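Have a look at the structure below, then the notes.
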Amino acid sequence: FQFGRFNYPLQGAGRRPRVMGILNVTPDSFSDGGNYQALEFALGHAEAMIEEGVDIIDIGGESTRPGSPPVSLEDELQRVMPVVYALRDLGPAISVDTYKPQVMREAIIAGVDMINDINGFRVPGAIDAVRDSDCALCIMHMQSDPQHMQLAPSYADVVDEVIAFLRERIDALLEAGIDPRRLCIDPGFGFGKTVEHNYALLKATGRLIEETGMPLLAGLSRKSMIGAVTGKPVERRAAGSVGGALAAVAQGAIIVRVHDVADTVDALKVWQAAQ
Ligand SMILES: Cn1cnc2c(O)nc(N)nc21
């Protein structure tokens, strides 16, 4: 899995699961207009994650929690781009979480290392926006959209359908001439799935990798699928989230997207020491 200045071996001695830290620059941490002290806040959080050993920082300007409303292009750019420019030379890889082609373009101009698209590059113009670059592309599955996806998630067979979706998106990107080494997939835990659907997908991590032929990013940190089996509120789901990350990594996931960076880094060090 190779992108820009990064090479993540997928097997053998060099394989090491990587930690992607979540950096939300959304309204609750930013008053619109991207005021300065909010930028300070974001940078402080990023620096803490760097201290804790994060490999990738994922910057998102539009909340994708179930029920969240869309954000305008201007607002998203105003929140995201100052943080991208402030972080891009600090060491870790930088990812931007967006489904808007114009945000992808500006992020690529700013030199980001990954575009993380919860919508699987389906918006017209998204593939064009990322074609002529060497950044990694994370293709995530989502049923419906954040505003509606959790109202009534339904599948004949969730694993089959997610694999079919991801393969179709992979083919679309490859047909556009994009280097397969730039691609990774993501089942999209919580994006149009019940708890049962989420665990069926988590259990099928190895199959998803096998049947798409692509590296897999797993993002289940503090999500309702963790709460459902631990009974814990969001702020006390770190241990459950680490358990989920290890379940994915043990089946071949190469990146885990998390809130609790230090805990996950430590858990992966111990796991790695036993490989
Ligand atoms: C932005 N975002 C929220 N959850 C996510 C997940 O599980 N995967 C990816 N790739 N992005 C996510």
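Each ligand, and each atom within it, is numbered from 1 in the order the structure gives. Worth saying up front: this structure is predicted, and the values here are computed from it rather than measured.
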Exercise for the section: For Asp97, take its heavy atoms, then give the atoms of ligand 1 lying under 4.0 Å from any of them. Expected result: 1 (C)
Handout entry: Beyond-backbone contact of Met225 with Leu202, side-chain heavy atoms, under 4.5 angstrom
Key = yes
Fill in the blank from the handout: protein heavy-atom neighbour closest to atom 9 (C) of ligand 1 works out as Asp186 OD2, 3.1 Å
Handout entry: Protein heavy-atom partner closest to atom 3 (C) of ligand 1 - residue, atom, separation in Å
Key = Arg257 NH1, 3.2 Å
Exercise for the section: Just let me know how Lys223 lines up against ligand 1, side chain, backbone, both or neither, with a heavy-atom cut-off below 4.0 Å. Expected result: side chain
Practice task
Classify the angle between the aromatic ring planes of Tyr155 and His141 as parallel (below 30°), tilted (30 to 60°) or perpendicular (above 60°).
Solution key: tilted
Exercise for the section: Tell me, yes or no, whether the heavy-atom count around Glu51 atom CD, taken from other residues, nucleotides or ligands under 6.0 Å, exceeds 12. Expected result: no
Problem - Side chain proximity check, Leu174 to Pro180, heavy atoms < 4.5 angstrom - result: yes
Handout entry: Sub-4.0 Å heavy-atom contact, Cys138 with ligand 1
Key = yes
Completion exercise
For Asn116, the atoms of ligand 1 under 4.0 Å from one of its heavy atoms are 9 (C), 10 (N), 11 (N)
Problem - Aromatic contact, Phe6 with Phe1 (centres under 6.0 Å) - result: no
Handout entry: Atoms in ligand 1 flagged as close to Phe191, the criterion being non-hydrogen separation under 4.0 Å
Key = 3 (C), 4 (N), 5 (C)
Exercise for the section: Using a 4.5 Å cut-off on heavy atoms from C-beta on, say whether the side chain of Ile56 contacts that of Asp113. Expected result: no
